[in-house]
Protein chains: 2
Amino acid sequence: MLTPERHKLILQLIKEKGVVKIQDLVDMTETSESTIRRDLTQLEEGKYLKRVHGGAARLQGKLQEPSMSEKSSKNLQQKRQIAQYAANLVEEGDSIYLDAGSTVTEMIPFLPAKEIVVVTNGLMHIQALLERNIKTFLIGGFAKEQTKAIIGRGALASLEKYRFDKCFMGVNGIHPQFGYTTPDQDEAMIKQMAISLSREAFVLADDTKFSEIAFAKIAELHTAAIITNELNEDQKESYSSKTTIKVVTA
Amino acid sequence: MLTPERHKLILQLIKEKGVVKIQDLVDMTETSESTIRRDLTQLEEGKYLKRVHGGAARLQGKLQEPSMSEKSSKNLQQKRQIAQYAANLVEEGDSIYLDAGSTVTEMIPFLPAKEIVVVTNGLMHIQALLERNIKTFLIGGFAKEQTKAIIGRGALASLEKYRFDKCFMGVNGIHPQFGYTTPDQDEAMIKQMAISLSREAFVLADDTKFSEIAFAKIAELHTAAIITNELNEDQKESYSSKTTIKVVTA
DNA sequence: CAAAAATCAATCATTTTCGTTCAAAGTAAA
DNA sequence: TTTACTTTGAACGAAAATGATTGATTTTTG
């Protein structure tokens with residue numbers, strides 16, 4: 001039995017039961033007492049456990065997970081709900097595009113890890129995607145500081161080689177021509193192209209402030225779902241009058 | 001059994017089981033222990049796995065700090081000296097390429113901010129570059145987790161549209177054909193192309209362990225400078241016999 | 001409290017694994 | 001074909017891991 005296997009087993013046991021006896025570990029790993037002792041010494045040095053007479057115990061002075069500052073933010077919870085719903089739309093084997101933007105980032109922890117391919121222009125997403133071992137392609141181009149997005153002519157050229165099953169866009173920034181307010185022309189063009197390369201397009205809306213016009217305009221062009229928490233009457237109406245667009249309340 | 005097949009098999013097994021014994025790999029591939037050892041060495045250099053006594057293990061993203069903190073202080077100072085020297089070679093108005101790698105990252109704080117354009121495949125560099133408001137282009141392609149680099153076929157295509165005044169490469173990983181030991185074929189190809197697109201090439205060497213062969217081989221192909229702290233006699237000799245290469249001791 | 005039992009750290013011989021070298025076999029280019 | 005390069009497997013000394021032993025230390029028991 002290889003060292004890392006033993007270590008993993010020991011830590012797992014300790015995590016479950018709190019304490020383990022050396023003799024039990026000897027039996028389970030089919031090694032000698034000496035070996036187990038050495039393992040425990042190493043793991044103790046690495047602050048993974050605490051040795052006690054006859055075995056080892058979990059150490060309790062452990063670091064907790066804080067960051068309550070923003071966790072309680074209602075807005076973030078809402079975002080996360082929407083993101084989770086959107087992530088569930090992704091099926092194994094899908095090739096998807098993730099637009100730059102904080103709401104979309106929230107999707108990543110909920111994505112099915114296996115067999116999906118992600119293409120993105122969002123630099124903020126990279127870390128989370130790689131941590132989850134998701135096959136990730138970044139489009140090339142100019143790195144825009146404010147939004148941490150890849151944009152520009154090169155980005156368009158880089159993007160147009162891909163095709164997607166689904167694409168997920170943040171709520172701020174569909175092309176003006178489509179109905180959304182868009183701060184940046186360059187980013188809008190990227191979004192426009194991503195949508196046109198995708199079989200289905202989804203918009204993640206973390207609030208209900210976007211106008212009904214937005215629905216109408218985008219509905220003329222794509223099969224898309226707008227995922228949000230609440231809908232007012234006007235919006236529902238707008239939805240019902242357009243057949244190519246689904247509005248989902250997560 | 002062909003090398004890429006073996007590598008694929010090894011990685012697959014490690015991904016599934018977490019750890020593999022060398023003897024098991026020998027049996028499965030019906031090759032010799034030596035061959036498997038070589039495979040593991042290569043794959044470890046490419047940051048695809050971690051070797052352990054008796055086999056190899058999957059490497060986890062986070063938990064690998066203790067080694068860094070030990071050697072970093074002196075090593076980092078050396079790195080920084082070299083990086084600063086290299087950064088001073090960049091003139092205002094230059095278009096430069098920064099290879100992925102930690103030594104190259106250290107250059108960024110020393111770069112002249114105004115009027116330069118940076119192209120890179122290093123995800124680690126982005127943050128620092130944007131913080132300094134440097135005009136930055138990222139090449140597109142597959143994002144490799146371990147080295148935080150953009151690689152692959154798409155990356156080559158994305159890269160070849162650029163031209164550089166100078167390019168700066170980390171010491172680990174010029175194409176084997178050039179003489180450097182290269183962990184990853186894909187990364188090597190990127191490096192090779194970047195060099196060929198640049199008027200001048202610089203190699204940042206944070207130690208003197210690379211062989212004299214490296215000097216000779218690269219000298220045959222490019223005008224380049226190798227920037228390092230110390231040189232042994234062999235290396236100096238190698239340098240003097242080649243005219244197209246400058247060796248700078250920072 | 002004292003003796004017995006259990007656990008411990010330290011040491012050493014043995015086994016396993018490692019890295020390197022070298023020559024043979026296989027490949028690609030000249 | 002010859003020549004240069006790469007891949008491979010075997011060999012061997014070095015290094016690491018292992019298991020048994022010993023005597024000290026701690027815990028338990030009477």
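Predicted model only: the values in this text are computed from it and were never measured. Residue numbers begin at 1 in each chain, while the letters A, B, ... track the order of the sequences.
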Quiz item: Any N or O donor-acceptor pair linking the side chain of B/Arg38 to the base of D/dG9 at under 3.5 Å?
Solution: yes
Separation of D/dA15 atom P from B/Arg51 atom CZ, nearest Å, is 16 Å
Are B/Gln84 and B/Asn88 linked by a side-chain donor-acceptor pair shorter than 3.5 Å?
no
_Please tell me if B/Ser34 has a side-chain N or O lying less than 4.0 Å from either OP1 or OP2 of D/dT8._
no
Side-chain contact check for B/His53: nearest option of D/dT27, C/dC18, D/dG19 is C/dC18
To the nearest angstrom, the CD-P distance between B/Glu33 and C/dT16 comes to 12 Å
Between CG of B/Leu2 and C1' of D/dT6 the distance, given in whole Å, is 12 Å
Do B/Ser95 and B/Arg163 meet the criterion of a side-chain donor-acceptor pair at a distance under 3.5 Å? no
Atom CZ of A/Arg37 and atom P of D/dT22 are separated, to the nearest Å, by 16 Å
Can a cation-pi geometry be assigned to B/Lys144 and B/Tyr48, taking NZ or CZ under 6.0 Å from the six-membered ring centre and within 45° of the ring axis?
-> yes
Rounded to whole Å, the CD-P distance (B/Glu30 to D/dT8) equals 14 Å
B/Leu159 versus B/Phe164: any side-chain heavy-atom pair under 4.5 Å? yes
note: A/Leu40, atom CG; C/dT7, atom P; distance rounded to Å ~ 13 Å
Is A/Val52 touching bases, backbone alone, or none of the nucleic acid, heavy atoms closer than 4.0 Å?
sugar-phosphate
Inset, instruction - Check whether any side-chain nitrogen or oxygen of B/Arg6 sits under 4.0 Å from OP1 or OP2 of D/dT7, and answer yes or no. - result: no
Side-chain contact check for B/Ile22: nearest option of C/dC18, D/dG19, D/dA10 is C/dC18
From CD of A/Glu5 across to P of D/dA17 the rounded distance in Å is 15 Å
Separation of C/dG19 atom C1' from B/Glu44 atom CD, nearest Å, is 13 Å
Side-chain atoms of B/Thr31 come closest, of D/dG9, D/dT18, C/dC18, to D/dG9
Any side-chain heavy atom of B/Leu25 within less than 4.5 Å of one from B/Leu13?
yes
